[in-house]
Participant: 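I am attaching a structure below and will ask some questions about it afterwards.
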Amino acid sequence: MRKMSDFGFCGLLGFLFVSYCSSSPKKVNNKLIIDFEWSFINFTWPSAEDYHKSLFAKRYIPENNMISNVKIYDGFMYLSLPRMKNGTPVTLAYIPITNRSDKQEELLVPYPNWDMNVKIGNCTTLQNVRGIEIDKFGVMWVLDGVRVNDLTDCPSKLVLLDLNNFGSVMDSFEFPESICPKKGCFLYSLVVDDRDGGYAYITDHSLIDPGIIVYSRHKNRAWKLRDRSMFSEVKDNLIVDDVTVTNMAPVAGIALSPTPRFAKQDKSVYYSSLSGYNIYSLSAKILMNEDYCKSGKWRQDVTLVGKKESQGDGMIMDHKGNLFLSYLAKHSICKWNTKKKLNDDINVVAKDANMLSWPDGFSFDSDGNLYVAVVGGNKYYSASNYIGTKYKILKLRTRTKSYIYS
Ligand SMILES: *[C@@H]1O[C@H](CO)[C@@H](O)[C@H](O)[C@H]1NC(C)=O
Ligand SMILES: *[C@@H]1O[C@H](CO)[C@@H](O)[C@H](O)[C@H]1NC(C)=O
Ligand SMILES: *[C@@H]1O[C@H](CO)[C@@H](O)[C@H](O)[C@H]1NC(C)=O
């Protein structure tokens, strides 16, 4: 018999135990392990001289560097570092996964190398990366599409890097202005569907034109879906770490269900806006159908699957159809078995006001662990002089793997 605190047990009993599970945070906390933590982000500089020069010239301003997403592949942890302020020399990096106990202030290694990171204005290199995903072939799909500040004039793009070949560029697709304007676009998160040559479903979190963008690798084309379900929902303010977020925040988190057991069934795409409570879904086949998307008829297929108890950022699905998501205002991570009704089966699996300060990107490893990047969003924006740990990678045992491996 498993412990009462075990979310698997709570999940089994469903809604009867939701209140019990939600109100026993002390026990569930024990399951969260701090894997890495940082008070500021630093890198493996080519030389001491390079480090000091960059500091002096303010090309590197330590407190301006933030982590957003994490993805694990083959012994390495890849991290995206969106450039939300200046002085951020690196936008994609990795750290080797080790079993050392002391994993504080680990130096990040630019990926694939320094050249692909530091050349702001050279549009063939990475400019401003946020969303990343790694498919089962070891290809990293990199969303170079944060265009909400003046740090680059390059068009946004999706870059495919071969992790099994030193991160060499396999493909690079530039989004046209009509889909993702280089002044104002905000490519946020993505999931990868490996059918028919590979698709990416991408959230555009921009205020000027929020929506979901579909990219077909086979067609080398992209199209965009716009619907009110992807807009900000303004209900009440979002308060995290005593700071009130008043910004409108449209569609952010996106998740894809695993390969269904029967060929006739389809996969579902789930999405939610950051400042909203509703989770919506659409059949992946609809997204894959460019003509149908352009007809607008798909809007009648948008399904409201349920209401959450908090606004949230990142989400991810495992190979069994469990959706993990962040409850920002409640400093929690929740789990919903999508085979059941959301409001009957959403459980808190981790809650901790100190540890879970803005959980953002999620990843699974191949050993049954879920990882989440805790990014202290409000600490980054409101208090550059904040002292203490700002970024953490936390680990939680789920005994499941990514939807990618299904
Ligand atoms: C940053 O990393 C470099 C090594 O790449 C090291 O020489 C330097 O001391 C580090 N800075 C701090 C403040 O730890
Ligand atoms: C780390 O892993 C190595 C090799 O797998 C093993 O020999 C070592 O004992 C491990 N150390 C810890 C602290 O677990
Ligand atoms: C842009 O960067 C790439 C990769 O480092 C490099 O090969 C190329 O020469 C650069 N282009 C310009 C115009 O500097």
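Every number for a ligand or one of its atoms is a count from 1 in the order of the listing.
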Participant: I'd like to check which ligand 3 atoms, numbered from 1 as shown, lie under 4.0 Å from a non-hydrogen atom of Thr124.
Facilitator: 1 (C), 2 (O), 3 (C)

Participant: Does ligand 1 come near enough to Phe43 that some N or O of the ligand is less than 3.5 Å from an N or O of the residue?
Facilitator: yes

Participant: Can you pull out the closest protein heavy atom to atom 6 (C) of ligand 3? Residue, atom name and distance to 0.1 Å, please.
Facilitator: Lys119 NZ, 3.9 Å

Participant: Please state which protein non-hydrogen atom is closest to atom 13 (C) of ligand 1 and give its distance, to 0.1 Å?
Facilitator: Tyr51 OH, 3.4 Å

Participant: Under a 3.5 Å cutoff, is there a donor and acceptor pairing between the side chains of Tyr277 and Glu233?
Facilitator: no

Participant: Please state whether the rings of Tyr78 and Tyr94 are parallel, tilted or perpendicular, taking 30° and 60° as the class boundaries.
Facilitator: tilted

Participant: Any salt bridge linking Lys103 with Glu37? Criterion: basic side-chain nitrogen under 4.0 Å from a carboxylate oxygen.
Facilitator: no

Participant: Counting only nitrogen or oxygen atoms and a 3.5 angstrom limit, does Thr44 reach ligand 1?
Facilitator: no

Participant: In the protein, which heavy atom is nearest to atom 8 (C) of ligand 3, and how far is it?
Facilitator: Asn122 ND2, 3.7 Å

Participant: Strictly by modelled atom types, are Ser275 and Ser273 linked by a side-chain donor-acceptor pair under 3.5 Å?
Facilitator: no

Participant: Provide, to 0.1 Å, the distance between atom 1 (C) of ligand 1 and the closest protein heavy atom, together with that atom's residue and name.
Facilitator: Asn42 ND2, 1.5 Å

Participant: Going by the atom numbers of ligand 1, which of them fall below 4.0 Å from some non-hydrogen atom of Phe40?
Facilitator: 12 (C), 13 (C), 14 (O)

Participant: Would you say the side chains of Ser156 and Lys182 form a donor-acceptor pair under 3.5 Å?
Facilitator: no

Participant: With the threshold set at 4.0 Å, does a side-chain nitrogen-carboxylate oxygen contact exist between Asp367 and Lys395?
Facilitator: no

